[in-house]
Amino acid sequence: ETGVTQSPTHLIKTRGQQVTLRCSSQSGHNTVSWYQQALGQGPQFIFQYYREEENGRGNFPPRFSGLQFPNYSSELNVNALELDDSALYLCASSLGTDALGGYTFGSGTRLTVV
Amino acid sequence: GQQVMQIPQYQHVQEGEDFTTYCNSSTTLSNIQWYKQRPGGHPVFLIQLVKSGEVKKQKRLTFQFGEAKKNSSLHITATQTTDVGTYFCAGPGTASKLTFGTGTRLQVTL
């Protein structure tokens, strides 16, 4: 059973640029949720994807967008990067949208915006 | 919106001492989950509690869900250095998706 894999592991971008982060869900999981974790804080919910459509969104602006593919993998896109977007971006997969039974998290992508 | 607070923010104990973190939600929760995040790591699912007053144990860890389903606790007996990390509680929040608490960072020294 493969876990959740994220790429890249680290990334440095300049303010105003765009970035795409990738996530492969755990085998058998059909739902992907994305979280932003700033240093010293708890993960903040960005959005969730189920059946290739957005299924719930947290308090993040439209420049945060995503995709889910037929194989359940997912992408997180952030446009017009701001310094405050610097954080650890976590992808979590689950079987079903209500997370009963818990989320499996990937190791995350550490994004630094300079 | 829903808020999930944890206390304390940080606790430093000597190995062998006990540790407890408390989680309080501003709203009633259908279930509560606990995660552990090691330094430099990612959250790892520990357990889920669903019933009012439920108590579950995992070796030295004891988890409780309050009667009103608005609070929870995690107690570690006789801490070890391997217990170091940040412990998060999480419950259904915005759009019924998991909302994480503020976390309690545990440091254990010999």
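Numbers restart at 1 for each chain; the letters A, B, ... are given by sequence-line order, proteins then strands.
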(request) Examine whether an atom of A:Leu100 lies under 4.5 Å from a heavy atom of chain B, and if so say whether it belongs to the side chain, the backbone or both; otherwise answer neither. (result) both

(message) Does A:Ile12, at its CD1 atom, have more than 12 non-hydrogen atoms belonging to other residues, nucleotides or ligands within less than 6.0 Å?
(response) no

(message) Can you tell me if A:Leu39 has over 12 outside heavy atoms packed within less than 6.0 Å of its CG?
(response) no

(message) Could you go through B:Phe100 and A:Tyr35, starting from their C-alpha distance and side-chain angles, then the distance that decides it, and tell me whether this counts as ring-ring contact (aromatic ring centres under 6.0 Å, His included)?
(response) CA-CA 10 Å; B:Phe100 281 77; A:Tyr35 284 80; 5.4 Å; yes

(request) Kindly check if the number of other-residue, nucleotide or ligand heavy atoms within 6.0 Å of CZ (A:Arg15) is above 12? (result) no

(message) Is it the case that atom OH in A:Tyr72 sees more than 12 heavy atoms from other parts of the structure closer than 6.0 Å?
(response) no

(message) Within the supplied structure, the quantity of interest is the number of heavy atoms (other residues, nucleotides, ligands) at a distance under 6.0 Å from A:Arg63 CZ; does it exceed 12?
(response) yes

(message) Tell me whether A:Tyr103 contacts the main-chain N or O of B:Val44 through its side chain, where contact means a donor paired with an acceptor under 3.5 Å.
(response) no

(request) Rounded to the nearest 0.5 Å, what's the gap from CZ on B:Phe88 to CD on A:Gln37? Could you check? (result) 5.0 Å

(request) Step through the shown structure and confirm whether more than 12 heavy atoms of other residues, nucleotides or ligands are within 6.0 Å of CZ on A:Phe64. (result) yes

(request) Identify which part of A:Arg57 has an atom lying under 4.5 Å from any heavy atom of chain B, answering side chain, backbone, both or neither. (result) backbone

(request) Among B:Lys97, B:Gln48, B:Gln37, single out the residue with the greatest number of heavy-atom pairs under 4.5 Å to chain A. (result) B:Lys97

(message) For chain B, which candidate among A:Gly102, A:Gly42, A:Gly56 shows the most heavy-atom pairs at distances under 4.5 Å?
(response) A:Gly102

(request) Examine whether an atom of B:Pro43 lies under 4.5 Å from a heavy atom of chain A, and if so say whether it belongs to the side chain, the backbone or both; otherwise answer neither. (result) both

(message) Counting neighbours of CG on A:Asn59 that are heavy atoms of other residues, nucleotides or ligands and sit closer than 6.0 Å, is the number greater than 12?
(response) no

(message) If I compare all heavy atoms of B:His42 with all of A:Phe105, which pair ends up nearest, and what's the gap?
(response) CD2-O, 3.4 Å

(message) Among A:Pro43, A:Ser107, A:Gly108, which residue has the highest count of heavy-atom pairs closer than 4.5 Å to chain B?
(response) A:Pro43

(request) Counting only heavy atoms closer than 4.5 Å, note whether A:Thr104 contacts chain B via side chain, backbone, both or neither. (result) neither

(request) Check each atom of A:Gln41 against the heavy atoms of chain B and say whether the ones under 4.5 Å are side chain, backbone, both or neither. (result) backbone

(request) Taking atom CD of B:Gln14 as the centre, report whether more than 12 heavy atoms of other residues, nucleotides or ligands fall under 6.0 Å from it. (result) yes

